Amino acid sequence: MDKIRYSDVIRSTNRILQSAYPNITRYGNDTVDKAVPPYFFVECIPTSIRRQTRNMRHKGCTVMITYVQRIPDQVDNLEKVENIADTFGMNMEINNRNLLVLDYDHEYIGEQNNILQISFALDWWEDTHQESTEEIMEQLHTNVVAKGD
C-alpha cells in the first residue's frame, strides 16, 4: 500500500484543478502575497494522524480551495462549486490509491462574504510495518523434566 503525504494531496489537487481550469493560476501559502486574480488558493489542513496499531496508522485532512475573482460574480462562483464537485467526483487518486472525497461543502468568506471557499475531507489508512533487522531464531532446543510421580 503506497503511503500518502499531505504534500501529495496538494500536488494531486493542483493537478486536477490545472486540468479543469488551465487558465486559472493556483497558489499556496508561500505565494499568496503576489497573487493576481483570478486564482485558486489551495490548502491541505491535516486533521489527524492516529496510530491504530504498531503496523497501521489512520490519517486525515481537509482540502480548502479558495477561488478569488477579479470582479465578484455569484453566477461564476456557483458554477465553480458544481464543476469542481463534478471534477473531483467521489474518489480522488493520489499515489495510485483512490481516496473517498468526504463532506464536500462551500461557503463565502472575506470582508464582503464574496470569496468562494470549497472544502472536502479525505481520510485513509497506511501500513507502517517495517521489516525487522533483528536476527531470526532458526532452532530452539529444550529439555523437559517431569517432577513428581
Side-chain angles (χ1 to χ4, degrees), residues 1-140:
M1 176 179 351
D2 292 334
K3 288 187 178 183
I4 296 175
R5 300 190 181 282
Y6 294 121
S7 57
D8 297 328
V9 173
I10 289 283
R11 283 187 199 97
S12 293
T13 302
N14 281 327
R15 180 180 42 78
I16 292 167
L17 286 173
Q18 181 180 16
S19 174
Y21 300 99
N23 297 327
I24 299 177
T25 306
R26 291 149 325 282
Y27 292 107
N29 289 341
D30 52 346
T31 56
V32 73
D33 293 337
K34 303 171 193 170
V36 177
Y39 64 86
F40 290 114
F41 178 72
V42 179
E43 296 178 86
C44 173
I45 303 164
T47 55
S48 65
I49 300 177
R50 289 178 293 210
R51 187 164 296 282
Q52 299 298 312
T53 68
R54 179 179 174 192
N55 297 321
M56 290 300 290
R57 176 174 45 207
H58 182 253
K59 292 175 78 173
C61 69
T62 299
V63 176
M64 303 283 277
I65 302 169
T66 304
Y67 177 50
V68 178
Q69 301 166 307
R70 188 178 315 275
I71 299 169
D73 181 351
Q74 184 180 20
V75 172
D76 182 42
N77 277 337
L78 293 172
E79 287 174 355
K80 293 291 187 288
V81 167
E82 292 187 36
N83 289 340
I84 289 174
D86 291 341
T87 300
F88 280 88
M90 272 183 60
N91 297 301
M92 184 172 172
E93 184 177 334
I94 304 173
N95 292 351
N96 299 317
R97 293 181 59 187
N98 283 310
L99 303 184
L100 191 61
V101 175
L102 306 166
D103 302 327
Y104 185 86
D105 199 7
H106 75 281
E107 63 182 336
Y108 291 96
I109 61 170
E111 289 181 21
Q112 281 97 30
N113 287 327
N114 61 357
I115 298 172
L116 175 65
Q117 189 168 64
I118 297 169
S119 64
F120 58 88
L122 300 170
D123 72 4
W124 63 95
W125 293 89
E126 288 185 348
D127 179 3
T128 58
H129 176 73
Q130 295 180 357
E131 293 298 322
S132 176
T133 58
E134 301 296 320
E135 186 177 333
I136 297 174
M137 179 173 49
E138 293 181 16
Q139 295 180 359
L140 175 65

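Starting from 1, each residue takes its place in the sequence as its number. The model shown is predicted, which means the values in this text are computed figures rather than measured ones.
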Hey, is E126 close enough to R57 for a salt bridge, meaning N to O under 4.0 Å?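 Yes, charged N to carboxylate O under 4.0 Å.
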Mind checking the [atom1]-[atom2] spacing from [X] to [Y]? Nearest 0.5 Å is all I need.
X	Y	atom1	atom2	value
T87	I16	OG1	CD1	8.5 Å
K59	I4	NZ	CD1	8.0 Å
E79	Y67	CD	OH	9.5 Å
Q117	D105	CD	CG	10.0 Å
T13	I65	OG1	CD1	6.0 Å

How far apart are the closest heavy atoms of [X] and [Y], and which atoms are they?
X	Y	result
R54	R51	O-NH1, 3.5 Å
F120	Y104	CB-CA, 4.0 Å
M92	V9	CE-O, 3.8 Å
D127	M56	CA-SD, 3.9 Å
R70	P38	NH2-CD, 3.4 Å
I10	E43	CD1-C, 3.7 Å

Does the side chain of [Y] come within less than 4.5 Å of [X]'s, by heavy atoms?
X	Y	result
L122	I94	yes
I115	F41	no
N83	Y21	yes
N91	L100	yes
V101	M90	no
F88	I118	no

For the residue pair W124 and Y6, categorise the inter-ring angle as parallel (less than 30°), tilted (30 to 60°) or perpendicular (more than 60°).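 Judged by the thresholds at 30° and 60°, the geometry between W124 and Y6 is perpendicular.
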Look at the aromatic rings of Y39 and Y27 and report parallel, tilted or perpendicular, splitting at 30° and 60°.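 Rings of Y39 and Y27: perpendicular, as their planes differ by over 60°.
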Quick check: does any side chain N or O of [X] sit under 3.5 Å from a backbone N or O of [Y], one acting as donor and the other as acceptor?
X	Y	value
N95	K3	yes
D8	R5	yes
S19	R15	no
R26	V42	no
K80	L116	no
T47	T62	no

Just to verify, which of I24, V68, T25 counts as forming a side-chain contact (heavy atoms from CB on, under 4.5 Å) with P37?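 In the set I24, V68, T25, the residue that makes a side-chain contact (heavy atoms from CB on, under 4.5 Å) with P37 is V68.
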Near Q52 CD, under 6.0 Å, is it more than 12 heavy atoms from other residues, nucleotides or ligands?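 Above 12, so yes.
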